Each structure stands twice: as structure tokens, then as C-alpha cells.
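Everything numeric in this text was worked out from a predicted model, so none of it was measured. Each chain gets a letter, A, B and so on, in the order the sequences are listed, and its residues count up from 1.
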Amino acid sequence: MAENKNVRFIITRQDNPDSAPYQVEFVLPYRPNMNVISALMEIRRNPVQANGDKTAPITWDMNCLEEVCGACSMVINGKPRQACTALVDQLEQPIRLEPMRTFPVIRDLQVDRSRMFDSLKKVKAWIPIDGTYDLGPGPRMPERKRQWAYELSKCMTCGVCLEACPNVNSSSDYIGPQPLSQVRLFNAHPTGAMNAPERLNAIMGDGGIASCGMSQNCVQSCPKGIPLTTSIAALNRDTTIQSFRNFFGSDR
Amino acid sequence: MAGNREFANRRLHSLLGVIPLGIFVIQHLVVNHYATNGVESFNKAANFMGGLPFRIFLETFIIFLPLAYHAIYGIYIAFTAKNNVGRYSYFRNWMFMLQRLTGIITLIFVAWHLWETRIAAARGSDVNFDMMSNILDNPFMVAFYIIGIVSTTFHFANGLWSFAVTWGLTISPRAQRITTYVTMVIFVALSYVGISAILAFV
């Protein structure tokens, strides 16, 4: 019976960044253990729609195929997630694929996620260690802190939290949860902490932490289980203190 | 403050919602509750509040200016959200949507209520038990007032929750969960105080 089993896909396609989206249906033969990526590859091998028309292969992004790079994020049956870990056996059919519209769509399921990388630059999500001479080893990090900081470092810039956030949209310049949690990560690092006020001031700018509306969709949606809302709340405390320092002045 | 106007605006919006507006809401509902003790009792309380020294300054700085800021900036906040409770029907996302919805309902209610009472008073009406029982003569207005009060108390109680997150008081999921329970108890308690006062006028 297995050879008769089919998988139905309804895919939202778009020919170029400015054209209107449209839906196309594909029916593929079922294979055990297939995921959304392998199904898309199957369509690429034989790009024929369910109605028999030949079409151009679907465009999508992928890279690591093990849910650590974040490239293959798309909206699968209404929820943003990675296509590589979306197993067909666990999905309700027809499987609906859409691009994450929070980002500019390039073509079909491929989106331009560069706003997140721009945000990382904006919030200075790095640790400056360059100097004109060897600065020696940095201070040690307490193990207790390292454990939760490691969880924050799992962020793969996939964009799912931005897609789920009601406040990240075209009428708002909110940068979203992803760069905010990275600020907490780099501020937690003993060397990174030396530049903590710079990062806090960056997220106190327009489109920064103040735009969070606490719907907490991000923490529910994050595929890596990063405690995004805990990060944002912790940064709320840090920015409160930073704002007092800025206003009243302090020793630094 | 140049460069971080939004941060300062949002923090001011959060602060004004609790101090003074939240405090005022509690005070107003509690004073109105005198109505449950009868006409005399309410009129005495209303006259005391209406006869406070420097009343116009108290009203301006404790109520009208903070209210105008909170309302205008709140409309901006409410309409920059793109609600998605259909796709993400999580508890906090519902509260997020309801906070914005009750904000708008409360604004409409408060504008109407101000017109019928404070502005009417400025135009010569007496603020007393009769004024309210005339307004609430109509079952539609009773429903409107009850919806308005429940919307206000929800917006205040859930706003207390987000106040605590905004200012960095509650960080851990556990702290935020406990605050949810506490603020919902406040919501129920204040709704009881407000609705029982309304029903006393009917």
C-alpha cells in the first residue's frame, strides 16, 4: 500500500519581490522519514504541479539541514519553524508552506533576513578585544552564569521570533527579540561587560527594547528554547538603571 | 534624552498608567462605592471630593494631563501592533491583544463619562446621586458603564503586570506568573467594587 500513499503540499509562491503571491499545489509520492526539505528537493527534481502543469522549481534557503543555521525558516502549517526539522509524518496534510512575510520575500519561500544582521551591528553584539598589543587572558566567567549564557548563545538568527512578534511589522521599527537577547549574552560575558553601557544605550534607541509589547509569542516560538522574555525583562531592569545613570550621572 | 525619545515616552506611558492614573482609578471606584450605603452617603462623599481645595490643579496634574498623554500615546501603541491571536493563541498574546482593546474601549468610555459628568458639571449641573441615577436610567447605559468599568479595571490590572516587566521588577518566568495571578485578583476585586457601585444607582 505504501507506494500509493501521497503527500499534498500547498505552497505560496511569489515570482519576484514586488509581484503578488499565489498558491500552487503539489502531490508527491510518500517516502518514509521525509521532511519538508526533502519534499522540496523532490519537487525540484520533478517540478510538476498537482494539475499536471510543469513549473519552475521552488526557491528556498537551506544550509546545515540540522537546525543550527536558521536558513530554512518558513511558515509551515501556520507556524514559523525550520523546514529541515519539520517531519512530514508529524504534519497535518495538506502541508501549507509560506515565506516568513515579516521579512522581504525574494522569491517563493526565500526571504531576506539581513535586517537581523543589521540589528546585531546596531546593538554591538560582539566583544571588542583588538588592541595594539596582547591584552592577555580575559577575566574568568562563573560557571553558573556560563550555563544560562550558553542557552542564549544558541540563537541561530532564524527569524522565527520576529515572525511571531505582533510588534515587528511594517508600521513599527522594532528590532525584535533576537538582537535584544544577544545584548544580554554579550553583557553577561566578563569581557563584554566592559562595553555593557554602549549596548544598553543602543537598545534604548528608537525601535529598541521599549517597543516590546510582552505578547511573549517569541519565547513560545523559539525553536532553540531561548528564554527570550527573560532576557528582555532582565534588559528592562538594566536599561532602567542605565537611564538613571544617563540622567543623573554616575561614576562611569 | 536625544536619540532615545521612544524609550523615555514608553517608560513615561507605563509610569503614568500606574501613578497617578491607576491610583486615581482605585480612589474613584472606592469613593463611588459610598453609593451602596445610600443617597446621603454618596452625596456627602461626592461633595467632599468636589470641594477639595485646589481641585482644579489636582484634576489637571493628577488626572487630565497624565490621562491625555496616556491616551494619545496609547492609541499610537495600540495601532502599531499587528495582532495575531488567531495564529498564536497563547495566553500572553491574548492579554496583549486585550490590553490594547480594553485601552481603546476605556478611552471611549472615559470620554463619554467625562462629557456626561465633569463637563456637565462645568456647565452648571450638580454632581450628586441623582445625576448618576438619571444617566443609568437607561439599561443600555447600565451595560455601557459596566463594560466601561470592567474594561478599565482589566486595563489597569494587566497594565500593572506589564509595568512590573517594563521597569525590570519581574524578570523570571516564575515572578511573571505569580504577578499574573496577583493582578488578576486585583482585576476581580476592583471590578466588584465598581460594578456594585453602578448597581446601587440603578
Side-chain angles (χ1 to χ4, degrees), chain A residues 75-80 96 98 101-102 148 160-175 184 200-221 227-244 246-247, chain B residues 1-15 17 73-101 103 158-180 183:
Chain A
V75 178
I76 300 172
N77 283 351
K79 289 264 161 47
R96 289 167 196 278
E98 299 160 68
R101 298 211 163 271
T102 297
W148 63 254
V160 163
C161 58
L162 272 72
E163 174 71 17
C165 178
N167 271 1
V168 175
N169 60 53
S170 50
S171 56
S172 135
D173 53 3
Y174 181 35
I175 55 174
R184 183 165 174 241
L200 293 177
N201 279 315
I203 61 169
M204 286 157 69
D206 284 353
I209 193 166
S211 299
C212 169
M214 299 161 209
S215 77
Q216 303 205 339
N217 286 352
C218 54
V219 76
Q220 300 274 0
S221 305
L228 293 163
T229 51
T230 308
S231 284
I232 293 175
L235 289 169
N236 271 330
R237 181 179 289 180
D238 294 345
T239 50
T240 299
I241 294 165
Q242 186 63 40
S243 70
F244 290 158
N246 291 350
F247 189 77
Chain B
M1 282 293 171
N4 58 9
R5 202 172 301 151
E6 187 182 9
F7 181 83
N9 285 345
R10 272 300 272 259
R11 289 289 168 107
L12 184 61
H13 181 260
S14 173
L15 180 66
Y73 198 65
I75 292 172
Y76 165 74
I77 293 174
F79 286 99
T80 45
K82 203 170 133 198
N83 281 294
N84 52 17
V85 286
R87 193 171 262 194
Y88 308 94
S89 55
Y90 309 119
F91 171 72
R92 267 293 145 208
N93 198 25
W94 273 98
M95 299 299 259
F96 171 91
M97 188 276 280
L98 288 174
Q99 185 68 3
R100 278 142 189 79
L101 180 69
N158 191 47
L160 269 183
W161 181 88
S162 48
F163 174 89
V165 180
T166 300
W167 290 90
L169 303 175
T170 50
I171 291 183
S172 68
R174 182 181 139 85
Q176 295 182 358
R177 196 168 351 102
I178 292 170
T179 318
T180 300
T183 52

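Of all non-hydrogen atoms in B:Phe7 and A:Ala210, the two that sit nearest each other are CA-CB, 3.7 Å. Taking both residues in full, the closest heavy atoms of B:Tyr90 and A:Lys79 are given as OH-CE, 3.7 Å, listed atom of the first, atom of the second, then distance. For the residue pair B:Thr166 and A:Thr240, the shortest heavy atom distance occurs at O-OG1, 4.2 Å. Contact detail for B:Glu6 and A:Gly207: the closest heavy-atom pair is OE1-N, 2.6 Å. Across A:Asn169 and B:Thr80, no two heavy atoms sit closer than the pair ND2-O, 2.8 Å. The shortest non-hydrogen separation linking A:Pro166 to B:Asn93 is CG-OD1, 4.0 Å.
Contact annotation for B:Thr170: only backbone heavy atoms (N, CA, C, O) come within less than 4.5 Å of a heavy atom of chain A. With a 4.5 Å cut-off on non-hydrogen atoms, A:Ser211 touches chain B through its backbone and its side chain both. Neither the backbone nor the side chain of B:Ile77 comes within contact range of chain A, judged by heavy atoms closer than 4.5 Å. Contact annotation for A:Ile209: only side-chain heavy atoms (C-beta onward) come within less than 4.5 Å of a heavy atom of chain B. Only the side chain of B:Trp161 comes within contact range of chain A, with at least one heavy atom under 4.5 Å from a heavy atom of that chain. Heavy atoms closer than 4.5 Å to chain B are found nowhere in A:Asn77, neither backbone nor side chain. Residue B:Gln176 touches chain A through its side chain alone, counting heavy-atom pairs closer than 4.5 Å.
Atoms CZ and CD, from B:Phe91 and A:Gln216 in turn, are 9.5 Å apart once rounded to the nearest 0.5 Å.
Contact annotation: the side chain of A:Glu163 approaches that of B:Arg87 to within less than 4.5 Å [non-hydrogen atoms, C-beta and beyond].
The greatest number of non-hydrogen atom pairs below 4.5 Å with chain B, out of A:Cys212, A:Cys165, A:Gly78, is found for A:Gly78. The choice from A:Ser172, A:Ser171, A:Ser231 that makes the most heavy-atom pairs within less than 4.5 Å of chain B is A:Ser171.
In this model, no donor atom of one side chain and acceptor atom of the other lie less than 3.5 Å apart for B:Arg92 and A:Thr229.
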